[in-house]
There are 4 protein chains.
Amino acid sequence: MDSRTCAALKGSGGVKIGEKGRARSGVTTDIVREAALALAREFGPGRVTVEGISTASGVAKTTIYRRWPNAAALIMDAFLDEIGPVIAYRPTATLIGTFSNALHDLARALTPSRREMLRHLVAAAQSDPDLGAAFWENWIKPRREEALRAIQPFGVARDEGDILLDLLFGAFYYRMLIPYAAIDSEWIDGLVERVFLDDPKPATELGGRN
Amino acid sequence: MDSRTCAALKGSGGVKIGEKGRARSGVTTDIVREAALALAREFGPGRVTVEGISTASGVAKTTIYRRWPNAAALIMDAFLDEIGPVIAYRPTATLIGTFSNALHDLARALTPSRREMLRHLVAAAQSDPDLGAAFWENWIKPRREEALRAIQPFGVARDEGDILLDLLFGAFYYRMLIPYAAIDSEWIDGLVERVFLDDPKPATELGGRN
Amino acid sequence: MDSRTCAALKGSGGVKIGEKGRARSGVTTDIVREAALALAREFGPGRVTVEGISTASGVAKTTIYRRWPNAAALIMDAFLDEIGPVIAYRPTATLIGTFSNALHDLARALTPSRREMLRHLVAAAQSDPDLGAAFWENWIKPRREEALRAIQPFGVARDEGDILLDLLFGAFYYRMLIPYAAIDSEWIDGLVERVFLDDPKPATELGGRN
Amino acid sequence: MDSRTCAALKGSGGVKIGEKGRARSGVTTDIVREAALALAREFGPGRVTVEGISTASGVAKTTIYRRWPNAAALIMDAFLDEIGPVIAYRPTATLIGTFSNALHDLARALTPSRREMLRHLVAAAQSDPDLGAAFWENWIKPRREEALRAIQPFGVARDEGDILLDLLFGAFYYRMLIPYAAIDSEWIDGLVERVFLDDPKPATELGGRN
DNA sequence: TTTTAATCGAGACGGTACGTCGCGTCTTGTT
DNA sequence: AACAAGACGCGACGTACCGTCTCGATTAAAA
């Protein structure tokens with residue numbers, strides 16, 4: 001990543017003052033992001049190349065490399081820039097409701113093309129530690145913290161909260177990455193019920209613990 | 001995938017009879033698989049190339065391409081061929097115990113290098129539908145079915161079983177792919193307890209359902 | 001070349017007796033030659049490959065290689081087999097007439113596709129000594145000797161005959177290989193007249209010899 | 001051919017002004033040409049490959065392909081670049097002398113390795129129209145025009161000149177491409193005498209015209 | 001008739017080279 | 001300085017044919 005750009009990833013945002021020479025064009029950044037997303041939507045995020053973005057956007061490769069280290073980072077940046085404002089937690093009165101809302105909201109926000117983008121980002125993060133860190137820092141972590149904050153009032157301990165998140169969002173990502181069946185409302189409800197079950201057959205009835 | 005090879009992926013196994021032309025050398029297949037794994041272990045699965053495998057194994061690139069469509073498919077084949085026999089379900093007397101065993105066994109079987117391999121396979125499957133299908137068919141599905149068989153005696157319905165698997169293995173893959181914290185025994189125990197909880201704070205205490 | 005085939009190139013022709021084992025199928029030879037010519041006509045002789053001929057003819061590559069050393073040799077064989085019987089010398093009463101006939105006949109016999117074939121054979125002969133020898137032995141030499149025999153009655157010495165052939169047929173091949181202008185009747189007549197000139201401006205008038 | 005290079009083939013030569021981007025390195029061009037010639041001399045022009053030139057010259061394959069479309073074109077370029085300045089017409093006082101000089105000079109300029117190169121170029125031109133055009137435009141045509149200019153003073157008409165060139169140089173190329181006998185001084189003299197004969201047996205004596 | 005041995009199809013195999021793509025870096029003006 | 005343009009070295013791609021090699025399965029003459 002560059003110290004000057006990747007607005008969505010780094011905090012930055014502020015206008016650079018006092019730098020010598022020609023200032024970077026903010027418009028250019030947007031054009032490039034837009035082109036990257038468009039290409040990702042059209043051909044799939046895996047086929048997007050810096051070369052292609054350069055051609056499509058009319059922005060020189062040099063300029064792109066000056067701001068992002070590679071295509072995956074650029075796509076991640078563009079994706080987060082686009083989806084960031086879309087998702088927000090809806091706090092509710094109950095724990096189960098909060099999680100249920102969060103999962104349903106996420107499913108709704110992730111349109112097919114966004115879902116593919118996200119799948120690709122997870123994939124890209126597997127072979128690029130920097131990307132993995134950025135993914136954690138800018139996507140996963142903030143929304144986990146938001147979730148933890150949202151359920152704090154219910155008196156859930158930190159590690160208990162982590163386990164809840166791992167279970168519910170783990171299941172979500174699992175089905176997204178290994179799409180053997182659709183992610184639909186019933187399934188989400190089933191997940192939540194199972195985790196917060198108070199009536200279904202308790203484990204004891206199912207054979208007890210060993 | 002090829003109709004004649006990828007033994008670990010396709011069922012095959014049977015001896016080829018009546019096939020015309022010179023038979024494919026089984027030795028060659030093993031040599032290539034071995035080389036692919038060795039390179040993956042040394043440089044990471046993402047850096048393995050067909051070119052490299054060809055050089056390292058001494059098997060011509062054409063021969064490799066005759067059997068596998070690309071490096072990822074070959075690595076998947078080799079990985080499954082290697083790990084396949086390693087993992088088997090240990091049936092226990094209780095449901096919770098069965099799942100607990102399964103998760104702990106998986107964690108144990110997945111040495112760091114295998115874990116990286118698996119992460120890479122999930123990643124590769126995101127941008128290659130064929131690979132995705134093969135991953136599901138040869139890795140995920142058989143072990144899900146084995147799990148479902150193992151818990152059938154406890155009277156768990158099919159969809160209830162799917163949800164349990166999604167939650168527990170979803171969490172496992174989630175932490176593997178987004179490694180913000182280690183996968184250790186305590187965490188696995190916590191997962192299982194949370195899902196099969198009969199004593200921890202029930203959801204009702206946590207605010208009821210909305 | 002093979003000791004048993006290349007009928008058009010080697011003398012052979014005779015039926016093999018005393019050979020043990022299954023005899024070679026003469027039909028196969030013709031099928032292959034035919035396929036080679038067809039492919040050459042369709043895609044140009046330079047694009048014809050043994051692999052392609054094998055596929056097109058349904059004759060195994062092994063079988064083809066058993067009879068011809070490479071594609072060029074096969075094409076040469078097929079070409080000569082086809083064109084061989086077409087061309088024959090028409091003896092006339094005069095030297096100039098004999099040459100004129102020979103050139104016109106050659107021009108007529110060489111249809112566009114045959115001409116391209118011949119150009120390709122000359123080309124192939126440049127980088128394959130065996131082919132060069134075969135080309136000389138089976139195409140150029142026999143027809144030079146026929147020409148020399150035809151003009152022997154006119155009392156032309158051997159080396160004088162060679163020079164005449166080099167000039168006239170040299171010009172012909174030159175224009176065929178470097179086709180800056182068409183090979184038409186007027187041009188052929190012009191060549192012959194120039195070589196056998198008895199009236200046009202003699203060299204003396206053009207400045208004498210130096 | 002490329003619009004920017006192939007100096008020997010295209011007229012170019014002029015300094016590039018106003019071209020965008022980094023300029024092509026002229027040094028690189030020379031290095032590649034040199035390597036191509038060296039390889040052609042060592043292994044024969046037919047065995048020269050772009051891959052080999054790249055390795056030998058240390059210039060990336062992509063860079064080579066950026067300038068020449070294939071190995072043959074590169075060899076042609078290099079050959080003409082090398083031999084171009086070597087050959088020039090020596091005008092003499094007589095027609096026969098001019099041609100005689102031209103043929104002897106050509107024979108002398110064409111060292112064995114250059115001769116093989118030339119044979120290969122003619123061959124390559126047979127299956128590549130672009131190459132054929134380049135060969136005509138950059139090798140044959142300029143030299144024919146120079147010849148025609150040289151004999152203009154002797155009052156030879158254009159088409160008469162063409163026939164003379166076709167006969168004499170046709171014979172030369174014929175013997176070069178179908179090397180059944182050496183190209184030596186006596187033979188060249190014989191050719192010239194035969195074409196410009198004023199004393200040898202006229203055609204009438206040889207049977208008249210039909 | 002039975003050998004017997006070469007032929008034939010099919011296709012695997014190790015090679016070499018192809019021509020292309022995309023990478024990330026670099027030079028060269030221009031703004 | 002940023003920027004567009006494009007050259008450059010590099011690594012790898014996936015493909016085409018090469019010519020050789022195993023395979024069985026014919027098939028025709030010799031024994």
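Throughout, a chain's letter reflects where its sequence line sits, starting with A, and its residues are numbered from 1. This is a predicted model, so every value here is computed, not measured. All values below come from the heavy atoms of this structure, side chains included, with hydrogens, waters and symmetry mates left out.
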How about [X] and [Y]: do any of their side-chain heavy atoms sit closer than 4.5 Å?
X       : Y       : result
P45(C)  : E116(C) : yes
F135(B) : V122(B) : yes
M76(A)  : L131(A) : yes
D30(B)  : R33(B)  : yes

Looking only at non-hydrogen atoms, find the nearest pair between [X] and [Y] and report the distance.
X       : Y       : answer
A125(D) : G132(D) : CB-CA, 3.6 Å
L39(D)  : A56(D)  : CD1-CB, 4.0 Å
F79(C)  : L37(C)  : N-CD2, 4.0 Å
A72(D)  : L121(D) : O-CD2, 4.3 Å
D128(B) : D130(B) : OD1-N, 3.0 Å

Legend entry - Sub-4.0 Å heavy-atom contacts from residues 119-128 of chain B onto DNA chain E, ordered by number: none
Inset, instruction - Describe the nucleic acid contact of G52(C) in one word from base, sugar-phosphate, nothing, applying a heavy-atom distance below 4.0 Å. - result: nothing
How close or far is atom [atom2] of [N] from atom [atom1] of [X], stated in whole angstroms?
X      : N       : atom1 : atom2 : answer
I53(C) : dG9(E)  : CD1   : P     : 14 Å
R67(D) : dG9(F)  : CZ    : P     : 8 Å
L74(C) : dG19(F) : CG    : P     : 12 Å
R24(C) : dG9(E)  : CZ    : C1'   : 15 Å
I31(C) : dC8(E)  : CD1   : C1'   : 12 Å

Enumerate all atom pairs, one protein N or O and one N or O from nucleotides 19-22 of chain E, separated by less than 3.5 Å.
{"unit_1": "dG19(E)", "atom_1": "OP2", "unit_2": "Y65(D)", "atom_2": "OH", "d": "2.5"}
{"unit_1": "dG19(E)", "atom_1": "N7", "unit_2": "K61(D)", "atom_2": "NZ", "d": "3.1"}
{"unit_1": "dG19(E)", "atom_1": "O6", "unit_2": "K61(D)", "atom_2": "NZ", "d": "2.7"}

Legend entry - Among V32(A), L74(A), N70(A), I64(A), side-chain contact (heavy atoms from CB on, under 4.5 Å) partner for V50(A): I64(A)
Distances under 3.5 Å only, N/O to N/O: pair up the protein atoms with those of nucleotides 28-31 of chain E.
{"unit_1": "dT31(E)", "atom_1": "O2", "unit_2": "R22(A)", "atom_2": "NH1", "d": "3.0"}

Inset, instruction - With the side chain of A60(D) defined as its heavy atoms from C-beta on, choose the nearest nucleotide among dA12(E), dC8(F), dG9(F). - result: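 Closest nucleotide to the A60(D) side chain: dG9(F).
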Inset, instruction - Please confirm whether the backbone N or O of R67(B) pairs with a side-chain atom of R24(B), one donor and one acceptor, at under 3.5 Å? - result: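 No: the side chain of R24(B) does not pair with the backbone of R67(B).
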Inset, instruction - Name the residue closer to the 5' end of DNA chain F, choosing between T28(A) and I64(D) according to the nucleotide with the nearest heavy atom. - result: T28(A)
Inset, instruction - For dG9(F), take OP1 and OP2 only and decide whether either is under 4.0 Å from a side-chain N or O of T63(D). - result: yes
